[in-house]
Structure formats: C-alpha cells, structure tokens
Amino acid sequence: MKREEKTFQFTLVLKNANKNTAKLEDNLYKAGCDDALINFRNGTVYLDFDRKAFSFEEAVRSAINQVESSSLDIFAEKVH
C-alpha cells in the first residue's frame, strides 16, 4: 500500500532571532523554509508551517533541520 504525504500544521519558536535579525526571511527561505509564515510577537520569532510529510514527526524534524542549517546562528526552541 502506497503511503501518501499529508500536510501538517505546526509552529516553531526560534531562539537567537528577532525582527532585527539581518536577512532572516531570505536565509530561512534559502534553507528550505518556503512553506512557513514568519510572525513576530513580543520580541519572539514564530514560524507557522504547513509542511507535507508522511508523519508529524518527519515534518517537524525536517523543519528544525532546515532552520538550524541556515547560515544564521538560530535554532528551534519549542514546537507548538
């Protein structure tokens, strides 16, 4: 039986990033986060994802890997 990808919605809370982080949007896009909407609330950066994957865990892990592989010194602190 062929497995189908589903779209999973989740939010990553970023550490070491804020609205003044140079080229944040560009670097996240280049890292593969083209399926995320960036939000800034109370000095914190949130990435709202609609990510296709075979499981929720796979979706979250791939997003975290992409964020942390960007050229910026940022990482995912929490998942919502």
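Put simply, the side chain of S62 reaches to within 4.5 Å of the side chain of R51, judged on heavy atoms.
In this structure, the separation between OG on S55 and CZ on R3 is 7.0 Å, given to the nearest 0.5 Å. Within the model, atoms CD of E4 and CZ of F54 stand 9.0 Å from one another, a figure rounded to the nearest 0.5 Å. For the atom pair NZ of K19 and OG1 of T44, the computed distance is 12.0 Å after rounding to the nearest 0.5 Å.
Hydrophobic cluster of Y46: the remaining members, joined at side-chain heavy-atom separations below 4.5 Å, are V13, listed by chain and number. Through direct or indirect side-chain contacts shorter than 4.5 Å among Ile, Leu, Val, Met, Phe, Trp and Tyr, L24 is connected to F8, F10, L12, L14, L28, I38, F40, V45, L47, F49, F56, V60, I64, V67, L72, I74, V79.
Within a 6.0 Å radius of CG in D73, no more than 12 heavy atoms belonging to other residues, nucleotides or ligands are found.
There is a side-chain donor-acceptor pair under 3.5 Å between N27 and S71.
Contact between Q66 and G32 at its shortest, heavy atoms only, is OE1-O, 3.2 Å.
Remark: D48 engages T11, L37, N39 in a side chain to side chain contact (heavy atoms under 4.5 Å, CB included) (not counting sequence neighbours).
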